[in-house]
Amino acid sequence: KQGKKGDAKKVFLALTKKDPSYALPWYALGQLALERKEYRDALRSYERGLSNNPKRSFQLRAAKVDVLRRMGRFDEAKDEAKLSLKENGNNIGVYQALIDLHLEKGEIDTAEFMVSMANRRLGTQGSKQEDGTTKSAEDHKIITSEAYIKYRQLGPNDFTKRRLLYSLSL
């Protein structure tokens, strides 16, 4: 398994050399680093991709917000999310990373607000993808696995848990 990922890394690095403006290999390199919990390397990959092609950066922006959150750099993650949503208010990955961030900080009400805001925003427009297509709101469910797992572990009679999971399922 490790050999295949090493091979994949070599392929993605070669692709970044061939065309540094192509966002996908930068994203893939960041994801490989993220799997190994090498957050600084992941962040570097996302930032390199963004610097080479800031206009086609939906996945890279969302991934950057997520990795900043994982690093505990919450204020930077929020700032990056604001910038990203200003460019593209339909970036589902950014909404998901923000929801995770607020849940991780115990800010349940803010997480619920983000869920409703994302559902309202995406419910009316869907979201534009990197390839130019648009996904409908039906294609999006604002449920993040990390958040779901964390809050499933709360007691079965915990009102906060029931309220949050209800809002995430809308």
Side-chain angles (χ1 to χ4, degrees), residues 1-108 110-115 117-118 121-122 127-131 135 140-153 164 168:
K1 189 173 182 178
Q2 196 64 2
K4 288 182 182 179
K5 288 187 181 186
D7 292 344
K9 184 177 179 177
K10 289 176 188 172
V11 168
F12 294 133
L13 284 170
L15 287 170
T16 63
K17 286 181 174 76
K18 185 175 181 176
D19 183 1
S21 69
Y22 186 41
L24 187 59
W26 292 113
Y27 175 77
L29 286 168
Q31 292 300 107
L32 288 172
L34 195 63
E35 285 178 19
R36 295 185 311 270
K37 297 188 185 320
E38 295 172 356
Y39 300 135
R40 287 188 179 151
D41 289 344
L43 182 59
R44 264 192 298 273
S45 291
Y46 302 143
E47 287 177 337
R48 295 266 321 266
L50 286 166
S51 69
N52 288 315
N53 191 349
K55 295 196 191 289
R56 298 221 19 174
S57 58
F58 302 117
Q59 287 179 311
L60 289 168
R61 288 231 184 262
K64 183 177 178 184
V65 172
D66 182 55
V67 79
L68 286 167
R69 174 195 63 83
R70 290 172 190 249
M71 295 171 80
R73 294 164 59 178
F74 299 125
D75 290 338
E76 289 175 73
K78 286 180 187 179
D79 290 344
E80 184 67 28
K82 286 177 189 174
L83 175 67
S84 179
L85 291 173
K86 197 177 230 182
E87 289 178 2
N88 174 9
N90 296 332
N91 191 330
I92 187 75
V94 171
Y95 282 112
Q96 289 175 330
L98 274 174
I99 291 164
D100 282 344
L101 182 148
H102 291 296
L103 290 174
E104 193 168 313
K105 292 181 72 180
E107 299 168 349
I108 307 301
T110 306
E112 287 179 329
F113 173 75
M114 293 302 305
V115 169
M117 192 167 85
R121 177 73 185 198
L122 297 171
S127 67
K128 191 170 185 176
Q129 303 300 298
E130 297 252 348
D131 63 5
K135 281 193 173 186
H140 296 300
K141 281 291 181 187
I142 313 283
I143 297 177
T144 57
S145 57
E146 286 180 56
Y148 183 75
I149 289 167
K150 283 181 192 175
Y151 285 88
R152 258 186 61 175
Q153 293 170 351
L164 177 66
L168 287 173

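- For the pair Asp41 and Ala33, the tightest heavy-atom approach, listed with the atom from each and the gap, is CB-CB, 3.8 Å.
- Two residues are said to be in side-chain contact when any heavy atoms from C-beta on lie closer than 4.5 Å; Leu83 and Arg61 meet this criterion.
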Exercise for the section: Give the C-alpha distance, both sets of side-chain angles, the deciding distance and a yes or no for side chain to side chain contact (heavy atoms under 4.5 Å, CB included) between Gln59 and Leu24. Expected result: CA-CA 8 Å; Gln59 287 179 311; Leu24 187 59; 4.2 Å; yes
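- Proximity of Glu76 to Met71: side-chain heavy atoms (C-beta onward) are nowhere separated by under 4.5 Å.
- Shown here for Ala62 and Gly93, the closest heavy-atom pair between the two residues is CB-C, 3.5 Å.
- Counting only heavy atoms from C-beta outward, the side chains of Asp7 and Val11 never approach each other to under 4.5 Å.
- The two residues Gln31 and Ala63 have their closest heavy-atom pair at OE1-CB, 4.3 Å.
- Remark: the Glu80 side chain and the Tyr46 side chain contain no N/O donor-acceptor pair separated by less than 3.5 Å.
- Not one N or O on the side chain of Asn52 forms a donor-acceptor pair closer than 3.5 Å with the backbone of Ser21.
- Remark: Phe12 CZ to Lys17 NZ distance equals 14.0 Å, nearest 0.5 Å.
- Side chain of Trp26 to main chain of Asn53: no donor-acceptor pair is present (N/O by atom type, distance under 3.5 Å, no hydrogens or angles).
- Across every non-hydrogen atom of Val67 and Ala42, the tightest pair is CG2-CB, 4.0 Å.
- In this structure, Leu13 and Lys9 have side chains that are in contact, with non-hydrogen atoms separated by less than 4.5 Å.
- Residues Phe58 and Asn91 come closest through the heavy atom pair O-ND2, 3.0 Å.
- One distance of note links CD of Glu38 with CG of Leu32; it measures 10.0 Å at 0.5 Å rounding.
- A distance-only check finds no donor-acceptor pair linking the side chain of Arg73 to the backbone of Arg69 [under 3.5 Å].
- Here the side chains of Asn90 and Leu85 are not in contact, with every heavy-atom distance at 4.5 Å or above.
- Residues Tyr22 and Thr16 fail the side-chain proximity criterion, which asks for heavy atoms closer than 4.5 Å.
- For the atom pair Leu43 CG and Asp66 CG, the distance stands at 11.0 Å (nearest 0.5 Å).
- Side-chain contact between Lys37 and Arg70 is absent, with no heavy-atom pair separated by less than 4.5 Å.
- For the atom pair Met114 CE and Leu98 CG, the distance stands at 4.5 Å (nearest 0.5 Å).
- Here OH of Tyr95 is found 15.0 Å from CG of Asp100. Values are rounded to the nearest 0.5 Å.
- The minimum heavy-atom distance between Gly30 and Ser45, with the atom names listed, is N-CB, 3.6 Å.
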